[in-house]
Protein chains: 2
Amino acid sequence: MSDIFEALSAPARRAILDELTDRDGQTLFELCTRLTMKHNLALTRQAISQHLDVLEAVGLIRTSREGRYKYHFIDTKPLHQIVSRWIDSPKK
Amino acid sequence: MSDIFEALSAPARRAILDELTDRDGQTLFELCTRLTMKHNLALTRQAISQHLDVLEAVGLIRTSREGRYKYHFIDTKPLHQIVSRWIDSPKK
DNA sequence: TTGACATGCAAGTCGTCACTTGCCTATCAT
DNA sequence: ATGATAGGCAAGTGACGACTTGCATGTCAA
């Protein structure tokens, strides 16, 4: 649950989430080109692939494989209970 | 604004915010002892001091100096617009 | 089946950051 | 003034992580 903070610490991973928010269900190559274009990110395909692995490991991304394509979908569920940890603290 | 994610990536800094949520306005030494006790964190005074500097730099902590004491207060304002970046995306 | 396309695996490099160590400054009590 | 307490500055170490390079696997079209 606290791995989500580590996942969100990398600027490249936040850019990936931005991209998937703008257009969900992209493949790896789509993300590579669009991140280079719109976000001024000059990253290798493998770099982005590793970032996607991290995001998927913490549940921020779901994937579906179809043939040789692998689509990536953002999942914002883990984001909801994150900040509420310090904001609405209903403690004693 | 995106430095907040880097600030929140360190577990020690999240523990500090937890401690200040539990009891606001602590001094450096108070935080040291209580972090060691309740959070099983064995950190040096300087380590915690550096974490406090980071948290203050991104606006998650405000401080007030009185004599030789420096009190630390949590400020949750920067936390509000963080997650909304991907959750309620009112895009095109 | 051959080649192009989309992705995966593994090892290596490099920089950053968390943490420590050592010393210094400032405030208060006696 | 002196000692004790609360905090600050600066340099050094070590490890983790972001990123790259190189090669391998699997899918599709011709």
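Per chain, numbering begins at 1; letters A, B, ... match sequence-line order. The structure presented is a predicted model; accordingly, all values stated were derived computationally and were not measured.
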Once you round it to whole Å, what is the distance between [atom2] of [N] and [atom1] of [X]?
| X | N | atom1 | atom2 | result |
| --- | --- | --- | --- | --- |
| A:His72 | C:dA6 | NE2 | P | 13 Å |
| B:Leu31 | D:dA6 | CG | P | 13 Å |
| B:Leu28 | C:dT25 | CG | P | 19 Å |
| A:Phe29 | C:dC5 | CZ | C1' | 7 Å |
| B:Glu56 | D:dG7 | CD | C1' | 13 Å |
| B:Glu30 | D:dT5 | CD | P | 16 Å |
| A:Glu66 | D:dC28 | CD | P | 10 Å |

So B:Tyr69, base contact, sugar-phosphate only, or nothing? Heavy-atom distance under 4.0 Å. sugar-phosphate
Does the side chain of B:Ser49 get closer than 4.0 angstrom to OP1 or OP2 of D:dG8 through an N or O atom? yes
Under 4.0 Å from OP1 or OP2 of C:dT27: is there any side-chain N or O of B:Lys70 that close? no
According to a hydrophobic-cluster definition based on side-chain heavy atoms being under 4.5 Å apart (Ile, Leu, Val, Met, Phe, Trp, Tyr only), do A:Ile16 and A:Val54 belong together? no
Collect all protein-nucleotide pairs involving nucleotides 9-19 of chain D in which both atoms are nitrogen or oxygen and the distance is under 3.5 Å.
| from | atom 1 | to | atom 2 | distance (Å) |
| --- | --- | --- | --- | --- |
| D:dA18 | OP1 | A:Arg13 | NH2 | 2.6 |
| D:dC19 | OP2 | A:His51 | NE2 | 2.3 |

Counting distance alone, no hydrogens or angles: does the base of C:dT7 have a donor or acceptor under 3.5 Å from a partner atom on the side chain of A:Arg68? no
Parallel, tilted or perpendicular: which describes the rings of A:Tyr71 and A:Phe73, with under 30° parallel and over 60° perpendicular? tilted
For residues [X] and [Y], determine if any side-chain heavy atom of one lies less than 4.5 Å from a side-chain heavy atom of the other.
| X | Y | answer |
| --- | --- | --- |
| B:Glu30 | B:Arg23 | yes |
| A:Asn40 | A:Leu35 | no |
| A:Thr27 | A:Lys70 | no |
| B:Arg85 | A:Asp18 | yes |

Give a yes or no answer on whether the side chain of B:Arg62 reaches the backbone of B:His72 with a donor-acceptor pair at less than 3.5 Å. no
